[in-house]
Peer 1: 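Before I ask anything, here is the structure I am working with.
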Amino acid sequence: MGEVNKTMVALDCGNSSYRVVLGRYRDGKIESTVIKQIPNGMEKVGEYYYWDIRKIFDGFIETLKSIVDSGEKIDSIGICTWGVDFAMFDSNGEMIQNPLCYRNTIGERVLASLSEDEKKKMFYQTGILCDKINSVYMLAGMNEEFSDVMEKADKCLMVPDVLNYFLTGKMVNEPSELSTTQLMDVKEKKISSEICEKFKISEKLFSEIGVHGTKIGDIKKEILRKLGIDYEIPIICVPSHDTASAVAAIPAQEKDFGFVSCGTWSLIGTELDEPIQNDEVIQSSLTNELGAFGKITLLKNNAGMFIANCLRKELCAAYGREVPWSEITQMAESAKGEVFIDLNDIRFFNPESMSREVWGSLTESGQADGEMEWGILFRAFYESLACSYAITLEDAQKISGRNFEKVYIVGGGGASSILLRLLSGYTEKPVVVCFGESTSIGNLAVQLKYFESELELGDIRNIIAKSYRTELIQEKNENAEKIRMRYRAVLNH
């Protein structure tokens, strides 16, 4: 494989921005460069939040054009985004409306109507924990609130599937994304007829399930003309859920490892060959999502940097200037430690004022009083985030029967010195800080399998390990176990 030279493009589309990354495979190593980072965000239209998917697509095409104009020949493309959100298409293949954002309350209301027994049964049918953002509840809610859309709907494509369709004209449901719907039985790796029947969702809405490392299709001729290209470019089926690609990029040589993927959301857990479905998994709020090449990521969907990003936005408005993260870290470091909030409390999901909600939680629990202090707000966020990671990893070890020698962290959170220090201290484990663009790197590396079919996940990780440096963080905290117990008490309060 080291003799094969390829130039690939990865789109890593997140909630707050999307990045177009150029990857060059030369001499057995991948080199990657962020070509462009473009702001992204949900937009409110009437009562609902949407994603402007065509704007995302147009920005991607514009960036591809700049890559081609620079003289690069593109050998392949792969696309990753967040999970759960989707768009509906009519029988003519036309998108009916922009994808609704998971931060709408449609799904939450549907989930609230289910009994505990019903939720438990759904977990055993799918391997996926019931969560208000899972696509199944949005789809069920749309039967009521968007009946006109659902009457016209012929196909349902997840956000990365939509972008792949715009590029190729081929409708394929990528498996890691499909698992975030809770409509898929992750053990059987197919749509669950029982779940579809329960929520009156037609199985015919879903297309062929893709296979990682294979071609979805070639870019449409009209797009090639727009790009000024006279050769075909294959679009490769990569683990399109950004978490799945990020985990694929973890350069672990050992089989048993813990991971944290810290972005807008946090995903914390481990990688398995088969799902674990028992009551302990439910009680620990873990779920079995599909990862790269049929692997299972036993993980918890946890709040992430969304809370900090909201706090920072309000801080900048209050100060009347852009406040860099380095200054925010200093504020948090200088504030008193061990103040906690339940990050997954519904009050932090999408409030009008995040600072007011965080301070309210701290004052109500007797951890703060008086006038709001920004340092304490950020300190509470970082302390709580590190603790939530530590107890989830503790649960994952117990349930999987494994002992993680190291914890690997990927995503933007890996740039936060205070988070890394707290995470190592509270887990009592060394933390391996991976490269900042792990999702893109996993995406690029999986594309290589299209060119060399014998490559396996271990081979891909070896290539990544040779290509990028990691950093090891080790911090001791003699009170780690007591602090984890304190945070569990906060969650159980």
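The residues of the chain are indexed from 1 along the displayed sequence.
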Peer 1: With a 6.0 Å cut-off (strictly less than), is the heavy-atom count around CD of E144, excluding the residue itself, greater than 12?
Peer 2: no
Peer 1: How close do V9 and L444 get, counting heavy atoms only, and between which atoms?
Peer 2: C-CD2, 3.9 Å
Peer 1: Mind jotting down which residue pairs meet the ring-ring contact (aromatic ring centres under 6.0 Å, His included) criterion with at least one end in residues 106-128? Sequence neighbours excluded, please.
Peer 2: none
Peer 1: Taking the side chain as every heavy atom from C-beta outward, state whether F86 and M138 have any atom pair closer than 4.5 Å.
Peer 2: yes
Peer 1: Taking I250's backbone N and O only, do any of them form a donor-acceptor pair with R461's side chain (distance below 3.5 Å, no angle check)?
Peer 2: yes
Peer 1: Could you check if a side-chain atom of D395 sits within less than 4.5 angstrom of a side-chain atom of Q283, using non-hydrogen atoms only?
Peer 2: no
Peer 1: Return yes if some donor-acceptor pair links the side-chain N/O of N40 with the main-chain N/O of G14 below 3.5 Å, else return no.
Peer 2: yes
Peer 1: Quick one, V21 with D12, criterion side-chain contact (heavy atoms from CB on, under 4.5 Å). Give me CA distance, side-chain angles, the key distance, then yes/no.
Peer 2: CA-CA 8 Å; V21 179; D12 172 17; 5.5 Å; no
Peer 1: Please check if the side chain of Q182 supplies one atom and the backbone of N134 the other of a donor-acceptor pair under 3.5 Å.
Peer 2: no
Peer 1: Side-chain contact, heavy-atom cut-off 4.5 Å: S261 with V247?
Peer 2: no
Peer 1: When rounded to the nearest 0.5 angstrom, what distance separates CD1 in I35 from CZ in R19?
Peer 2: 13.5 Å
Peer 1: For S76 and M8, work out which heavy atoms get closest and say how close.
Peer 2: OG-CG, 3.3 Å
Peer 1: Treating T180 as the side-chain partner and V84 as the backbone partner, does any N or O pair qualify as donor plus acceptor under 3.5 Å?
Peer 2: yes
Peer 1: Think K132 forms a cation-pi with F349, using NZ or CZ under 6.0 Å from the six-ring centre and within 45 degrees of its axis?
Peer 2: yes
Peer 1: Counting distance only, does the side-chain N/O of N443 pair as donor-acceptor with the main-chain N or O of G78 below 3.5 Å?
Peer 2: yes
Peer 1: Quick one: does any side-chain atom of Q397 pair with a main-chain N or O of F404 as donor and acceptor, under 3.5 Å?
Peer 2: yes
Peer 1: Could you grab the distance from atom OG of S16 to atom CD1 of I38, nearest 0.5 Å is fine?
Peer 2: 13.0 Å
Peer 1: Using only heavy-atom distances, determine whether the side chains of Q125 and S192 contain a donor-acceptor pair under 3.5 Å.
Peer 2: no
Peer 1: With a cut-off of 6.0 Å (strictly less than), are more than 12 heavy atoms of other residues, nucleotides or ligands near NZ of K189?
Peer 2: yes
Peer 1: For atom CD of E118, decide whether the heavy atoms of other residues, nucleotides or ligands shown that lie under 6.0 angstrom number more than 12.
Peer 2: yes
Peer 1: Grab the two heavy atoms, one from P239 and one from C80, that are nearest each other, plus how far apart they are.
Peer 2: O-SG, 3.4 Å
Peer 1: For a 4.5 angstrom cut-off between non-hydrogen side-chain atoms, does I61 reach I223?
Peer 2: yes
Peer 1: Does the side chain of Q37 come under 3.5 Å of the side chain of S17 through a donor N or O and an acceptor N or O?
Peer 2: yes
Peer 1: Between the main-chain N or O of L385 and the side-chain N or O of S388, is there a donor-acceptor pair closer than 3.5 Å?
Peer 2: yes
Peer 1: Supply the atom-to-atom distance S285 OG to I268 CD1, rounded to the nearest 0.5 angstrom.
Peer 2: 10.5 Å
Peer 1: Begin with the C-alpha distance, continue with both residues' side-chain angles, and end with the deciding distance and a verdict on salt bridge (Lys or Arg N to Asp or Glu O under 4.0 Å) for E394 and R488.
Peer 2: CA-CA 12 Å; E394 189 175 38; R488 285 188 187 275; 3.0 Å; yes
Peer 1: Side-chain contact test, heavy atoms from C-beta onward, threshold under 4.5 Å: evaluate it for Q447 versus K6 and give yes or no.
Peer 2: no
Peer 1: So for atom NZ, which belongs to K198, do other residues, nucleotides or ligands contribute more than 12 heavy atoms lying within a distance under 6.0 Å?
Peer 2: yes
Peer 1: Would you check, one step at a time, whether the test side-chain contact (heavy atoms from CB on, under 4.5 Å) holds for L298 with V281?
Peer 2: CA-CA 9 Å; L298 178 71; V281 175; 4.3 Å; yes
Peer 1: Heavy atoms, side chains only, cut-off 4.5 Å: are R402 and K255 in contact?
Peer 2: yes
Peer 1: What distance separates D161 CG from N173 CG, expressed to the nearest 0.5 Å?
Peer 2: 5.0 Å
Peer 1: In Å and rounded to the nearest 0.5 Å, what is the OG to CZ distance from S176 to F293?
Peer 2: 11.0 Å
Peer 1: Are the aromatic ring centres of Y487 and Y426 under 6.0 angstrom apart?
Peer 2: no
Peer 1: Tell me, please, which residues at least two apart from E405 pass salt bridge (charged side-chain N to carboxylate O under 4.0 Å, His left out).
Peer 2: none
Peer 1: Is it the case that the side chain of E174 and the backbone of E177 share a donor-acceptor pair, with hydrogens and angles ignored and the cut-off at 3.5 Å?
Peer 2: yes
Peer 1: For residues L157 and V162, report the shortest heavy-atom separation together with the two atoms involved.
Peer 2: O-CG2, 3.5 Å
Peer 1: Do K36 side-chain atoms and V20 backbone N/O form a donor-acceptor pair below 3.5 Å?
Peer 2: no
Peer 1: Would you list the atom pairs, donor with acceptor, under 3.5 Å between side chains in residues 41-57 and any protein atom, with sequence neighbours excluded?
Peer 2:
from, atom 1, to, atom 2, distance (Å)
Y48, OH, E145, OE1, 2.7
W51, NE1, D85, OD2, 2.7
D52, OD1, K55, N, 3.2

Peer 1: Verify salt bridge (Lys or Arg N to Asp or Glu O under 4.0 Å) between K120 and D279, making sure each step is shown before the conclusion.
Peer 2: CA-CA 8 Å; K120 185 174 181 178; D279 288 0; 3.1 Å; yes
Peer 1: Check whether the side chains of D75 and Y450 place a donor and an acceptor atom closer than 3.5 Å, and report yes or no.
Peer 2: no
Peer 1: How far apart are the closest heavy atoms of T181 and L178, and which atoms are they?
Peer 2: OG1-O, 2.6 Å
Peer 1: Looking only at heavy atoms, which two atoms of D154 and D90 are closest? And how far apart?
Peer 2: CB-C, 3.6 Å
Peer 1: Do S384 side-chain atoms and I341 backbone N/O form a donor-acceptor pair below 3.5 Å?
Peer 2: yes
Peer 1: Hydrogens and angles aside, do Y468 and S32 bring a side-chain donor and acceptor to less than 3.5 Å of each other?
Peer 2: yes
Peer 1: Hey, are D256 and N403 close enough side-chain-wise for a donor-acceptor pair under 3.5 Å?
Peer 2: no
Peer 1: Would you say that S353 contacts E314 through its side chain, given a criterion of any heavy-atom pair below 4.5 Å between the two side chains?
Peer 2: yes
Peer 1: For the atom pair CZ (F348) and OG (S361), what is the distance rounded to the nearest 0.5 Å?
Peer 2: 4.0 Å
